[in-house]
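Note that these values count all heavy atoms, side chains included, but never hydrogens, waters or copies made by symmetry. Since the structure is predicted, the reported quantities are computational estimates derived from the model, not experimental observations. Every chain is numbered from 1, with letters handed out A, B, ... down the list of sequences.
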2 protein chains.
Amino acid sequence: MVDVAQLAGVSPSTVSRTLRGLTNVTPDVRARVEQAARELNFAVSRQAASLVTGKTGAVAVLVPTLNSWFIGTVLDNLGPMLRAAGMELVVYVTPNMAERASFFERLPARRNADALLVFSFDLTDEEATRLDDLEMPVIYVSQHAKGRASVYVDDVDASRKGTQHLINLGHRRIAFFQTIGPSGFVFSTHERLTGYRQALAEADLAFDEELVVASSADDERGIVEAVGQLLTLREPPTAIFVDQDQVAVSVLWSLRRAGIEIPNHMSVLGFDDHETARWADLTTIAQQPADIGRAVGELYQTLVNDPEADREQHIVLPTRLIPRNTTAPPPRDAPAPGV
Amino acid sequence: MVDVAQLAGVSPSTVSRTLRGLTNVTPDVRARVEQAARELNFAVSRQAASLVTGKTGAVAVLVPTLNSWFIGTVLDNLGPMLRAAGMELVVYVTPNMAERASFFERLPARRNADALLVFSFDLTDEEATRLDDLEMPVIYVSQHAKGRASVYVDDVDASRKGTQHLINLGHRRIAFFQTIGPSGFVFSTHERLTGYRQALAEADLAFDEELVVASSADDERGIVEAVGQLLTLREPPTAIFVDQDQVAVSVLWSLRRAGIEIPNHMSVLGFDDHETARWADLTTIAQQPADIGRAVGELYQTLVNDPEADREQHIVLPTRLIPRNTTAPPPRDAPAPGV
DNA sequence: CTGAAAGCGCTAACAA
DNA sequence: TTGTTAGCGCTTTCAG
């Protein structure tokens with residue numbers, strides 16, 4: 001920076017002021033400084049700046065994986081917003097429990113970021129409490145943390161709408177297929193199961209544990225087995241609600257291989273409105289990760305710039321049912337309700 | 001840090017030494033310092049440290065998107081390696097040309113990272129040259145930059161193997177389906193087309209432009225149209241080589257909707273060995289992004305730690321053909337070769 | 001509107 | 001093995 005100052009014939013302070021876009025600089029001087037900076041290919045060192053300002057200019061993101069449509073889409077939309085605000089995005093990937101434990105033990109973001117976005121979906125209370133020590137705004141994405149800022153879709157309501165759609169079509173035996181993540185069920189899965197149960201209860205349908213199956217998303221055999229399990233029940237379902245589109249598509253394949261026609265013999269409902277849902281012509285409940293990304297970006301701005309802002313606010317985004325061709329009324333010969 | 005020093009009854013230098021794991025510290029003192037640091041919930045400020053060491057402790061990553069199986073998997077494997085080396089991962093997402101241009105104009109990583117990993121797949125020469133100014137190791141992932149460190153699979157060879165597989169099955173009219181990214185064809189696409197042409201030439205088959213079609217990966221109608229285009233040729237193909245599994249699966253759907261049986265009436269070959277390929281029982285050419293991630297991590301270490309290391313080395317990873325059930329010999333009534 | 005000077009929190013000589 | 005001292009490159013008072 002001194003080099004730039006020298007070349008422009010001003011003091012370092014002036015260079016600093018100019019480069020940060022402060023107003024009190026003569027246009028003439030500003031031009032000279034900018035010219036000099038360009039000539040010298042100069043960029044301000046964030047490190048040195050943060051040492052004095054106390055801000056790091058970075059926002060940390062905690063994710064279990066980066067190989068995820070949801071997380072990827074959120075970040076694709078969030079990234080440019082943060083960038084526009086002059087912030088870097090530093091990512092902590094914790095693909096296994098060891099990495100995750102190490103993150104919570106060392107809390108590496110501690111003095112090295114101005115805010116933390118948590119995508120881990122299934123934090124324990126203990127972990128969340130640990131993050132409270134961080135002395136920076138923490139935003140929870142896709143899970144509601146009590147008393148902490150969060151952005152998510154209303155999974156309970158969404159799932160209830162989906163189940164109602166099946167009930168309205170005439171289904172009485174509706175299975176629920178849960179996805180297991182690398183570290184167990186994630187937050188949304190619980191919520192979606194709750195919505196399913198609510199809808200059943202509202203329609204006076206009994207909840208049947210046999211109709212709830214689970215498998216890991218990337219475990220092909222597990223999915224096939226879970227589907228097989230449903231098909232061999234004494235009273236098999238006429239519809240399956242799968243809590244993720246990508247798994248739902250696998251379920252479709254399994255069913256078709258078992259010779260089951262969709263939607264005539266079995267309805268399948270997904271969740272997400274992932275691209276493959278369009279391909280598979282899958283009825284699904286749409287959530288918009290792009291919107292979530294933008295909402296997170298805005299909430300971040302609010303929390304950082306407005307000290308008056310509610311630091312525990314929850315932003316809930318809408319979902320909607322997208323009817324396509326994998327759901328239909330149940331087959332005529334299905335057991336009539338109550339028989 | 002002075003607080004910790006005080007509490008432990010030592011000098012700041014000793015705290016610094018202890019916390020960085022330097023050897024010349026008495027076990028007794030080390031214990032006291034560590035205890036004090038824990039009590040005070042203290043973490044070293046990277047910013048302050050880097051100011052004096054000249055290293056930032058961060059590696060920058062340039063990606064066009066984070067919603068990508070390939071990039072996501074590479075980073076899931078690379079992340080923990082960098083973390084183990086004490087490095088942060090700062091991500092620059094450039095989902096559109098404006099973001100990308102701004103990255104290359106401002107080069108925000110300039111003084112704020114110790115190395116740069118480029119995932120942009122289709123950099124222009126001008127852009128690559130710009131990165132040479134960066135004064136830090138730059139590693140190109142999945143594209144070979146002349147005279148610059150790169151990690152990739154041999155797409156030409158892989159694609160040739162795939163095409164040969166189809167030729168060996170007896171196919172003579174083999175279509176090639178190219179995927180268009182948000183900013184045009186990516187590097188690998190060119191390479192894969194080259195491999196395809198090589199295999200044709202080696203088998204004395206003429207290259208027919210009509211057999212090469214293209215579509216954007218997320219453009220459902222475009223894919224359907226491209227498939228339609230192939231099917232309505234005077235002499236339609238008996239096999240389609242699609243340069244990405246996810247698109248190949250869409251092609252499968254399109255073909256099946258058009259009433260075409262696979263593999264009896266048409267063979268389809270993919271590329272990647274993405275999860276959906278297993279589901280779709282798709283014959284494909286496997287590449288292992290997890291291995292690429294690890295290779296990048298190792299190359300990074302080498303480049304940073306060993307000044308003798310070849311700074312232009314190319315690491316080429318293997319691919320292999322995975323025969324499944326979407327490829328078979330062409331139907332009998334297909335036009336005989338040369339007729 | 002611009003310059004001079006102090007100091008952010010740390011590490012790296014150098015001394016002890 | 002430990003402590004002392006001098007900056008790293010910037011921003012921020014405070015003068016002018």
Side-chain angles (χ1 to χ4, degrees), chain A residues 1-37 40-58 86-88 106-114 135-136, chain B residues 1-37 40-58 86-88 106-114 135-136:
Chain A
M1 188 172 260
V2 285
D3 300 338
V4 178
Q6 233 155 25
L7 183 59
V10 294
S11 74
S13 327
T14 305
V15 174
S16 173
R17 281 189 276 257
T18 308
L19 264 28
R20 278 177 299 146
L22 300 192
T23 47
N24 32 351
V25 181
T26 318
D28 171 42
V29 176
R30 147 153 284 135
R32 280 215 318 280
V33 171
E34 280 170 350
Q35 171 59 21
L40 267 42
N41 194 25
F42 174 83
V44 172
S45 157
R46 263 201 172 62
Q47 337 293 325
S50 52
L51 196 52
V52 26
T53 57
K55 313 237 136 263
T56 63
M87 307 296 289
E88 319 255 66
R106 309 177 31 84
L107 247 35
R110 202 157 354 154
R111 290 177 72 194
N112 300 295
D114 299 336
E135 295 185 347
M136 61 174 86
Chain B
M1 186 172 262
V2 285
D3 300 339
V4 177
Q6 235 155 23
L7 183 59
V10 295
S11 75
S13 324
T14 305
V15 175
S16 172
R17 280 190 277 257
T18 308
L19 265 26
R20 277 177 300 149
L22 299 193
T23 48
N24 31 349
V25 181
T26 317
D28 171 43
V29 176
R30 146 152 286 135
R32 280 216 319 278
V33 171
E34 281 171 349
Q35 171 58 23
L40 267 45
N41 193 24
F42 174 82
V44 173
S45 157
R46 263 203 172 61
Q47 337 293 326
S50 54
L51 195 54
V52 28
T53 58
K55 314 239 135 262
T56 63
M87 306 296 289
E88 319 255 63
R106 311 178 29 85
L107 246 36
R110 203 159 352 156
R111 291 176 72 194
N112 300 296
D114 299 337
E135 295 185 347
M136 63 174 86

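- Looking at B:Thr14, its side chain never comes within 3.5 Å of a backbone N or O of B:Val10 through a donor-acceptor pair.
- When the side-chain nitrogen and oxygen atoms of B:Thr14 are compared with OP1 and OP2 of D:dG3, one or more of them lie within a distance under 4.0 Å.
- B:Arg32 has its CZ atom 14 Å from the C1' atom of D:dG3, to the nearest Å.
- Side-chain atoms of A:Arg32 come within 3.5 Å of backbone N or O of A:Ala8 as a donor-acceptor pair.
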- Message: What verdict does the side chain to side chain donor-acceptor pair (under 3.5 Å) test give for B:Asn112 and B:Thr56, after you've listed the backbone C-alpha separation in whole Å, the side-chain angles of each residue and the deciding distance to 0.1 Å?
- Response: CA-CA 6 Å; B:Asn112 300 296; B:Thr56 63; over 6 Å; no
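- To the nearest 0.5 angstrom, A:Arg46 atom CZ is 13.5 Å from A:Lys55 atom NZ.
- Residue pairs meeting the salt bridge (charged side-chain N to carboxylate O under 4.0 Å, His left out) criterion with at least one member in residues 15-25 of chain A: none, sequence neighbours excluded.
- How far OG of A:Ser11 is from CD of A:Gln6: 12.0 Å, rounded to the nearest 0.5 Å.
- Atom-to-atom, CD of B:Gln6 to P of D:dG3 comes out at 13 Å; the value is rounded to the nearest Å.
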- Note on the structure: Protein-proximity profile, nucleotides 8-16 of chain D, B/S/- by nucleotide at the 4.0 Å heavy-atom cutoff, equals BBBSB----
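- Distances shown here put a side-chain N or O of B:Thr26 below 4.0 Å from the OP1 or OP2 atom of D:dT2.
- Here C:dA12 presents its C1' atom at 15 Å from NZ of B:Lys55, a figure rounded to the nearest Å.
- Each end of the helix from C:dC1-D:dG16 to C:dA16-D:dT1 gets its own axis, taken as the rotation carrying the C1' atoms of four end pairs onto the next four within a five-pair window, and the two axes meet at 30° to the nearest 10 degrees.
- Taking CE from B:Met1 and OG from B:Ser13, the interatomic distance works out to 9.0 Å, rounded to the nearest 0.5 Å.
- Here the OG-CG distance, from A:Ser50 to B:Leu51, works out to 8.5 Å after rounding to the nearest 0.5 Å.
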